[in-house]
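A short write-up of the structure that comes next.
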Amino acid sequence: MEKARIQDLKDFIGKEVTINGWLTNKRSGKGLEFLIIRDGSGFLQCVVSLDNVGEEIFQRAKTLSQESSIEITGLILEDERQIGGFEMQVSDLKVIGAANAYPITNKPHGVEFLMDNRHLWLRSRRQWAIMRVRNRLIFAIHNFFQQEGFVQMDAPIFTGNAVEGTTTLFGTEFYDETAYLTQSGQLYGEAMAMAMGKIYTFGPTFRAEKSKTRRHLSEFWMIEPEMAFYNNEMNMDLIEKFIKYIVKTVKEQSSFEFSILERDTDIFDKIAGEKFPRLTYDQAVRILRGEEKVNGKTTIETLESDFKNVLRDIEDKHKAIEEAEKEIKAGVKKGKRNYLQNKIDTLKNEIKDLEERKRVIPQWIESAQNFKYGNDLGGSDETVLTRMFDLPVMVYNWPHEVKAFYMKRDEKDPNLAKGVDVLAPEGYGEIVGGGERETDLDLLIGKIHEHKLPMEAFEWYLDLRRYGSVPHAGFGLGLERMVAWICKIKHIRETIPFPRMYGRLFP
RNA sequence: UCUCCCUUAGCUCAGUUGGUUAGAGCACCUGACUGUUAAUCAGGGUGUCCAAGGUUCAAGUCCUUGAGGGAGAGCCA
């Protein structure tokens with residue numbers, strides 16, 4: 001019997017095939033078993049009918065437990081109602097490996113339980129979809145840079161010194177010396193760019209920040225392009241072209257995954273079609289404080305109307321809960337009661353989220369109004385800024401004090417550095433940070449002193465300015481933050497197969 | 001490092017002003033139902049109420065300390 005993967009079933013309509021997979025869910029009727037199987041490439045409902053297969057195979061199907069691995073054979077039919085659009089009329093079923101009391105059921109579980117069972121959680125439909133999008137994203141990123149004539153390079157993971165002195169590093173042993181796990185491949189990227197013209201790194205990055213937030217990992221993957229003969233303007237053009245390419249490609253290739261994730265992809269069309277707002281830091285601060293309007297509204301006005309909407313939503317949901325509870329009290333059938341109880345639970349969770357927003361929006365308003373010129377943008381400030389545009393927002397020309405030592409000083413205003421941050425919409429915040437690099441040897445040496453970094457460790461880097469220095473620029477993109485935003489996942493821990501974060505080293 | 005919240009059955013949770021024998025759904029098992037979409041319906045039993053100490057006639061419930069987890073701030077991609 002010919003074997004097939006679920007993703008290729010369109011070539012097997014009306015034919016009999018064998019599929020290897022796992023049972024993900026099961027429903028039953030008299031003389032009928034509906035097995036929902038997955039094989040890694042998709043999902044398929046397989047119908048086992050007592051009349052077709054006989055008593056022995058039917059019993060096998062009836063007692064099959066969740067996540068048992070099987071070899072299943074049958075006729076493939078088109079059926080638009082089913083997941084994936086196909087269905088199998090089963091003629092044979094073999095059990096490869098039975099699963100006993102699989103811990104993750106088709107009902108809700110808590111975060112801690114799921115994280116402890118991450119090795120199994122990856123089999124679930126949502127996690128499957130996220131990992132598939134991640135895969136597509138990685139491929140699209142490589143495609144983009146290869147098409148643009150970039151050379152991929154691997155930067156070292158062991159490093160002898162910090163790139164940005166402020167960040168905490170993971171120390172490790174390197175023979176008789178102390179080495180640190182890399183927190184950026186950028187300096188090495190600059191060296192390689194002088195050899196290749198345009199390069200990009202794609203590798204793991206480690207930061208020992210004791211951050212317990214939804215946007216932080218201790219180990220994450222970063223893409224860092226670096227281009228010779230590039231200024232910050234060209235850099236921003238490239239970033240915009242890059243993000244437009246990514247969202248367009250991923251939308252085309254992952255529609256099934258996005259439907260599982262219930263991700264509305266309309267915003268990707270807007271992003272691919274419209275020009276990204278580019279704000280100087282000064283202008284971003286004015287907008288944030290409510291001194292400058294966007295589309296006729298200030299941030300304060302926008303947030304206050306958001307706040308009112310939140311209050312109204314909370315009230316509506318409380319009313320809906322009351323009504324459902326009344327209905328249950330009046331006495332309904334068990335099925336209806338379960339349905340209503342589920343609805344109430346969902347509403348309660350939604351209210352929790354809304355209460356969180358209700359608590360937080362006034363704080364955002366206050367922090368935006370009182371924003372101090374010269375500071376870096378905080379998490380809420382980023383959310384507020386992007387809320388005004390519903391597009392990725394580029395903020396450039398920053399006060400040089402908040403940026404890294406290698407950032408190029410603005411010729412027109414020595415207080416500014418030619419860096420750029422790209423803020424993702426929908427509350428996701430900074431996904432890209434980059435800028436033009438300092439080429440002035442003396443300024444660079446001064447900055448290394450200022451940041452109290454060990455000069456001898458940077459001699460090789462200074463050589464890049466001594467031998468044929470050119471204007472150059474680049475940026476860094478956090479893959480997991482990108483995946484989180486593209487999939488509209490709340491927490492970054494679901495965007496990488498086995499997250500390493502503060503308080504989590506297993507499994 | 002700081003602030004707030006949580007910890008009750010294998011899992012998700014409810015448990016009123018402290019008051020008798022701590023509950024529900026799911027998972028699991030048995031049966032019913034010939035097209036189910038988290039199928040449904042009937043039946044079946046399970047607890048170190050996170051730990052230690054305290055208040056009280058009486059603690060899952062109140063207090064103190066500790067452990068684990070979550071959300072946020074700072075820092076950052």
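Residue numbers begin at 1 in each chain, while the letters A, B, ... track the order of the sequences. Values in this document were obtained by computation on a predicted structure and should not be read as measured data. We use all heavy atoms of the structure for the numbers below, so side chains are in, but hydrogens, waters and symmetry mates are not.
- Remark: the separation of the P atoms in B:G72 and B:C11 is 25 Å, to the nearest Å.
- Contact annotation for A:F34: base contact, defined as any heavy-atom pair under 4.0 Å involving a base atom.
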(Q) In dot-bracket form, 5' to 3', how is RNA chain B paired? Count Watson-Crick and G-U wobble pairs only if both distances fall under 3.5 Å, and write | where the partner sits on another strand. (A) (((((((..((((.....[...)))).(((((.......))))).....(((((..]....))))))))))))....
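- Counting any heavy atom pair closer than 4.0 Å across all strands shown, A:E224 reaches no nucleic acid atom.
- In this structure, CD1 of A:I492 is placed 16 Å from C1' of B:A71, rounded to the nearest angstrom.
- Minimum atom distance to the side chain of A:K212 is reached by B:G70, of the listed B:C11, B:G72, B:G70.
- Counting to the nearest Å, the P atom of B:A77 and the CD1 atom of A:I223 are 13 Å from each other.
- The phosphate of B:A77 (OP1 or OP2) has a side-chain N or O of A:R207 nearer than 4.0 angstrom.
- In this structure, the nucleotide among B:G35, B:A77, B:C11 sitting nearest to the side chain of A:M222 is B:A77.
- Taking the six-membered ring for Trp and the full ring otherwise, the centers of A:F498 and A:H119 sit at least 6.0 Å from each other.
- Look at the C1' atom in both B:U36 and B:G45: the space between them is 29 Å, to the nearest Å.
- You'll find that the side chain of A:V111 is closest to B:G70, out of B:U37, B:G70, B:A71.
- Contacts of A:V360 with the nucleic acid, taken as non-hydrogen atoms under 4.0 Å apart, are absent.
- Residue-level contact check: A:G31 touches neither bases nor backbone, having no heavy atom under 4.0 Å from any strand.
- Taking atom CH2 on A:W221 and atom P on B:A77, their separation rounds to 18 Å, with Å as the unit.
- A ring pair (Phe, Tyr, Trp, His ring centres under 6.0 Å) with A:F43 is found for one member of A:W22, A:F86, A:W128 and no other, namely A:W128.
- For an aromatic pair to be called close, the ring centres must be under 6.0 Å apart, and A:Y281 with A:Y373 satisfies this.
- Nucleic acid contact for A:T105: sugar-phosphate only, since backbone atoms but no base atoms lie under 4.0 Å from a heavy atom of the residue.
- Across the P atoms, B:A77 and B:C4 are found 30 Å apart, a figure rounded to whole Å.
- Under a cutoff of 6.0 Å and an axis angle of 45°, A:R481 and A:Y428 do not form a cation-pi pair.
- Seen from the ring of A:W121, A:R118 counts as a face-on cation partner, given the 6.0 Å and 45° thresholds.
- In the model, A:E224 has no side-chain atom that pairs as donor or acceptor with a side-chain atom of A:Q186 under 3.5 Å.
- Using a 4.0 Å heavy-atom criterion, one finds that A:Q82 contacts the bases of the nucleic acid, with or without backbone contacts as well.
- Taking atom CD of residue A:E112 and atom C1' of nucleotide B:A67, one finds them 12 Å apart after rounding to whole Å.
- Toward the 5' end of RNA chain B, the nearer of the two residues A:Y502 and A:M115, judged by each one's closest nucleotide, is A:Y502.
- Look at the C1' atom in both B:U40 and B:G35: the space between them is 13 Å, to the nearest Å.
- For the pair A:D421 CG and B:C75 P, the interatomic distance rounds to 13 Å; values are reported in whole Å.
- Rounding to the nearest 0.5 Å gives a distance of 11.5 Å between CG of A:L261 and CD1 of A:I486.
- Of the candidates B:G72, B:G70, B:C11, B:G70 carries the atom nearest the A:R493 side chain, counting heavy atoms from C-beta on.
- Rounded to whole Å, the C1' atom of B:G69 lies 16 Å from the corresponding atom of B:U8.
- Contact annotation for A:I36: no contact, since no heavy-atom pair falls under 4.0 Å across all strands.
- Looking at heavy-atom distances under 4.0 Å, A:E219 makes no contact with the nucleic acid at all.
- For A:F113, whose side chain is taken as the heavy atoms from C-beta onward, the closest listed nucleotide among B:C11, B:C76, B:A77 is B:C11.
- One finds no side-chain N or O of A:R27 lying less than 4.0 angstrom from the OP1 or OP2 phosphate oxygen of B:U36.
- Considering only side-chain N and O atoms, A:R125 lies nowhere under 4.0 angstrom from the phosphate OP1 or OP2 of B:U37.
- As judged by a 4.0 angstrom heavy-atom cut-off over every strand, A:S28 is placed among the base-contacting residues.
- Between the P atom of B:G35 and the CD1 atom of A:I83 lies a distance of 22 Å, rounded to the nearest Å.
- Here B:C11 presents its C1' atom at 12 Å from CD of A:Q66, a figure rounded to the nearest Å.
- Salt bridge annotation for A:K241-A:E148: present, with a cationic side-chain nitrogen under 4.0 angstrom from a carboxylate oxygen.
- The gap from the C1' atom of B:C76 to that of B:A39 amounts to 47 Å, rounded to the nearest Å.
- One C1' atom belongs to B:U46, the other to B:C28, and the distance between them is 11 Å to the nearest Å.
- Judged by distance alone, with hydrogens and angles left aside, A:E87 brings a side-chain donor or acceptor within reach of the base of B:G35, the pair sitting under 3.5 Å.
- Using a 4.0 Å heavy-atom cutoff across all strands shown, A:H216 reaches at least one base atom of the nucleic acid.
- Salt-bridge formation is not detected for the pair A:E78/A:K10: no Lys NZ or Arg NE/NH1/NH2 atom is positioned less than 4.0 Å from an Asp or Glu carboxylate oxygen.
- Looking at the side chain of A:Q45, the nearest of the listed nucleotides B:C26, B:A77, B:U37 is B:U37.
- At B:A71, one or more side-chain N or O atoms of A:H491 fall inside 4.0 Å of OP1 or OP2 (strictly under the cut-off).
- Not a single donor-acceptor pair under 3.5 Å links the side chain of A:R27 to the backbone N or O of A:E33.
- When the side-chain nitrogen and oxygen atoms of A:N25 are compared with OP1 and OP2 of B:A39, one or more of them lie within a distance under 4.0 Å.
- Rounded to an integer number of Å, the gap from NE2 of A:H109 to P of B:C6 is 23 Å.
- For A:N117 (side chain) and A:F113 (main-chain N/O), a donor-acceptor pair under 3.5 Å exists by modelled atom type.
- The aromatic ring of A:F220 sits over the base of B:A77, with ring centres less than 5.5 Å apart and planes inclined by under 30°.
- Atom C1' of B:A71 sits at a distance of 26 Å from the matching atom of B:C63, rounded to the whole Å.
- Applying the 4.0 Å criterion to OP1 and OP2 of B:A77, one finds that A:R215 has every side-chain N and O outside that range.
- In this structure, A:K62 reaches neither bases nor backbone, as no heavy-atom distance under 4.0 Å exists between it and the strands shown.
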